[in-house]
Amino acid sequence: MTKVFSKLTRPGMRKLAPGGKISEHGITYERQTSGDGVFTVNIMVDGQRIHRVIGRESEGTTRTQAEEFIAKVRNDAKHDRLSLPKGRKVALSFRDAAAKYLERLAESGGKDLKMKATRLNLHLVPFFNDKPLSKISGFDVELYKRQRKEETILPRRKEAAPPKSNTLTKTGTINRELAVLSHMFNKAIEWGWVDHRPAKINRFQEGQGRITYLTSEQAARLIECAKVDGGQFIYPFIVIGLETSMRKMEILSIRREHVDLDRRVIYIPKAKAGAREQPITKHLADFLAGYIAALQPGCPWLFPSPGAASGHATDIRKSFRRVVEAAGLDPKQVVRHTLRHTAITHLVQAGVDLPTVKRISGHKTLEMVERYAHQNGTHIEEAMDKLQNRLKLAS
């Protein structure tokens with residue numbers, strides 16, 4: 001139906017004084033101080049605000065052109081709706097896409113679902129909200145990055161004291177969120193929600209950073225303190241972590257049936273880089289033999305927790321912090337992932353080749369393992385001494 005204009009008419013525009021405006025049906029005509037007139041459009045289409053400068057009157061722009069622009073935008077939106085999966089009446093919003101994305105991943109056995117949901121629900125969905133998934137631009141992504149970079153990190157618990165100074169969100173944290181966004185875009189194409197990638201995502205450049213690891217003496221002290229601690233699982237957790245480099249949830253979700261003591265491997269069905277077999281030391285194999293024998297008959301988990309929805313323990317933070325402090329170490333520096341860093345660093349420093357370290361640690365690429373080769377130069381110096389002794393070149 002053709003819209004009838006009662007204010008934005010030729011006589012109305014002619015009478016308009018410099019600095020004055022007339023708005024009607026999403027079109028605004030403004031008379032500038034120079035006497036020229038400018039047409040702009042400001043409308044909502046499928047939950048997205050469209051704001052455009054159509055042109056100047058001196059350049060031949062007319063109200064009709066503004067009307068034609070609005071008609072085209074709405075027609076394009078209608079075409080997008082018709083291209084969506086059957087049954088959808090409106091363009092798929094980011095909020096709805098995020099919910100469907102998590103549902104489909106859960107149905108298909110997707111990895112790292114808990115963290116994906118956290119990053120979406122806490123940060124990505126509140127920012128992109130009801131914006132159509134297909135309309136997200138590179139500019140929108142850059143705005144998200146800037147906003148997150150300027151946000152401060154709040155204490156995890158309500159009773160925790162506020163930080164003395166603002167701590168900005170780390171670039172690595174934002175990059176993990178952008179990785180979820182990128183994966184969601186890829187799946188949206190695969191599932192037919194969009195016909196092309198909505199936006200290019202440029203991640204922040206991350207520094208290598210310093211990897212915290214324990215010396216042999218510190219690791220031994222930690223083990224001794226874990227032995228005498230009252231925590232039910234802390235001692236086996238630390239032993240497994242130091243002797244395998246396994247991640248926290250990989251350890252806590254070990255099933256009895258996945259431990260092969262004869263072959264000295266632990267099968268990890270949901271490892272970060274895909275299912276794999278984790279080699280273990282002979283000492284750990286002997287330790288696990290006694291540990292498993294002490295479990296209640298029929299118990300499928302190495303770290304059972306009947307009250308947990310998963311059936312196994314999922315958090316060991318408090319007891320780990322307690323043992324770290326008992327060992328005289330800094331709990332802010334030594335966290336659960338430090339066990340993994342320690343195992344990998346000592347493998348490298350022992351002269352194990354990087355491809356083998358990658359096989360043991362379960363990293364996706366050698367580049368990730370190479371970071372551990374630069375933590376100190378002792379093993380490199382020893383390697384050069386071996387070269388010198390082998391060649392025995394005279395000066």
Side-chain angles (χ1 to χ4, degrees), residues 1-84 88-98 123-152 174 178 181 185 188 193-202:
M1 180 178 176
T2 305
K3 286 185 171 60
V4 177
F5 289 86
S6 60
K7 295 185 294 182
L8 196 55
T9 61
R10 287 181 182 275
M13 290 186 284
R14 289 196 193 101
K15 294 176 182 178
L16 197 62
K21 295 181 181 179
I22 302 176
S23 296
E24 194 171 13
H25 300 313
I27 302 173
T28 297
Y29 175 83
E30 180 180 2
R31 176 74 69 188
Q32 296 186 324
T33 54
S34 64
D36 201 358
V38 178
F39 287 93
T40 58
V41 165
N42 192 343
I43 57 173
M44 289 291 292
V45 179
D46 284 349
Q48 182 183 9
R49 182 159 296 281
I50 307 295
H51 188 198
R52 295 286 189 278
V53 176
I54 304 303
R56 296 176 178 275
E57 198 171 28
S58 61
E59 297 170 347
T61 305
T62 64
R63 190 193 73 189
T64 301
Q65 290 177 342
E67 293 179 79
E68 290 172 348
F69 172 82
I70 292 176
K72 181 179 184 304
V73 168
R74 288 182 170 151
N75 185 63
D76 289 346
K78 181 180 179 181
H79 180 269
D80 286 346
R81 288 196 299 272
L82 294 175
S83 297
L84 289 170
R88 293 208 61 87
K89 302 300 182 183
V90 297
L92 185 64
S93 70
F94 186 88
R95 180 185 299 278
D96 291 340
H123 304 294
L124 291 163
V125 170
F127 181 86
F128 293 107
N129 208 335
D130 292 322
K131 188 179 186 71
L133 182 66
S134 61
K135 301 298 183 182
I136 293 175
S137 65
F139 179 71
D140 295 324
V141 175
E142 292 302 314
L143 284 180
Y144 174 80
K145 288 165 60 179
R146 186 175 69 180
Q147 176 175 304
R148 287 289 288 130
K149 195 75 172 68
E150 294 172 353
E151 289 178 2
T152 54
I174 302 171
L178 295 176
L181 182 62
F185 282 170
W193 297 350
V194 294
D195 56 8
H196 64 278
R197 191 176 179 83
K200 181 180 180 181
I201 299 176
N202 296 312

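Everything numeric in this text was worked out from a predicted model, so none of it was measured. Values reported hereafter were calculated over all heavy atoms of this structure, with side chains retained and with hydrogens, waters and symmetry mates removed.
Between Phe94 and Asn129, the shortest heavy-atom distance links the atoms CB-O, 3.5 Å. Annotation for Leu16 and Gly20: closest pair CD2-O, 3.2 Å, computed over non-hydrogen atoms. Of all the heavy atoms in Ala98 and Val125, the pair that sits closest is CB-CG2, 3.7 Å. Between Ala199 and Ser137, the shortest heavy-atom distance links the atoms CB-C, 3.4 Å. Ile22 and Gly12 get closest at one heavy-atom pair: CD1-O, 3.5 Å. The two residues Ala97 and Leu133 come nearest to each other via the heavy atoms CB-CD2, 3.9 Å.
Gln32 is linked by a side-chain contact (heavy atoms from CB on, under 4.5 Å) to Ser34, Asp36, Val38, Arg56, counting only residues two or more places apart in sequence or in another chain. Under the side chain to side chain donor-acceptor pair (under 3.5 Å) criterion, Thr28 pairs with Ser23, sequence neighbours left out. When the ring pair (Phe, Tyr, Trp, His ring centres under 6.0 Å) test is applied to Tyr144, the partners found at least two apart in sequence or on another chain are Phe127, Phe128. Taking the side-chain contact (heavy atoms from CB on, under 4.5 Å) definition, one finds that Lys15 meets it with nothing, sequence neighbours left out. Remark: Ile27 pairs with Phe5, Leu8, Phe39, Val41, Arg63, Ala66, Glu67, Ile70 by the side-chain contact (heavy atoms from CB on, under 4.5 Å) rule, at least two apart or across chains. In this structure, the salt bridge (charged side-chain N to carboxylate O under 4.0 Å, His left out) partners of Lys72, at least two apart in sequence or on a different chain, are Asp76. Taking Thr62 as the reference, nothing meets the side chain to side chain donor-acceptor pair (under 3.5 Å) condition, with sequence neighbours excluded. Residues passing the salt bridge (charged side-chain N to carboxylate O under 4.0 Å, His left out) test with Glu57, sequence neighbours excluded: Arg31. Remark: Arg52 engages Ile50, Ile54, Phe69 in a side-chain contact (heavy atoms from CB on, under 4.5 Å) (not counting sequence neighbours). Taking Ser6 as the reference, Glu24 meet the side chain to side chain donor-acceptor pair (under 3.5 Å) condition, with sequence neighbours excluded.
How far CZ of Arg74 is from CE of Met44: 11.0 Å, rounded to the nearest 0.5 Å. With rounding to the nearest 0.5 angstrom, the CG atom of Leu92 is 13.0 Å from the NZ atom of Lys135. Taking OH of Tyr29 as the start and CZ of Arg10 as the end, the distance is 10.5 Å to the nearest 0.5 Å. From Leu181, atom CG reaches atom CG of Leu124 across 5.5 Å, with rounding to the nearest 0.5 Å.
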Show your working on side-chain contact (heavy atoms from CB on, under 4.5 Å) between Ile43 and Val45 and close with a plain yes or no. CA-CA 7 Å; Ile43 57 173; Val45 179; 3.7 Å; yes
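Listed by first and then second residue, the salt bridge (charged side-chain N to carboxylate O under 4.0 Å, His left out) pairs involving residues 136-146 are Lys131-Asp140, Glu142-Lys145 (not counting sequence neighbours).
At least one donor-acceptor pair under 3.5 Å links the side chain of His25 to the backbone N or O of Val4.
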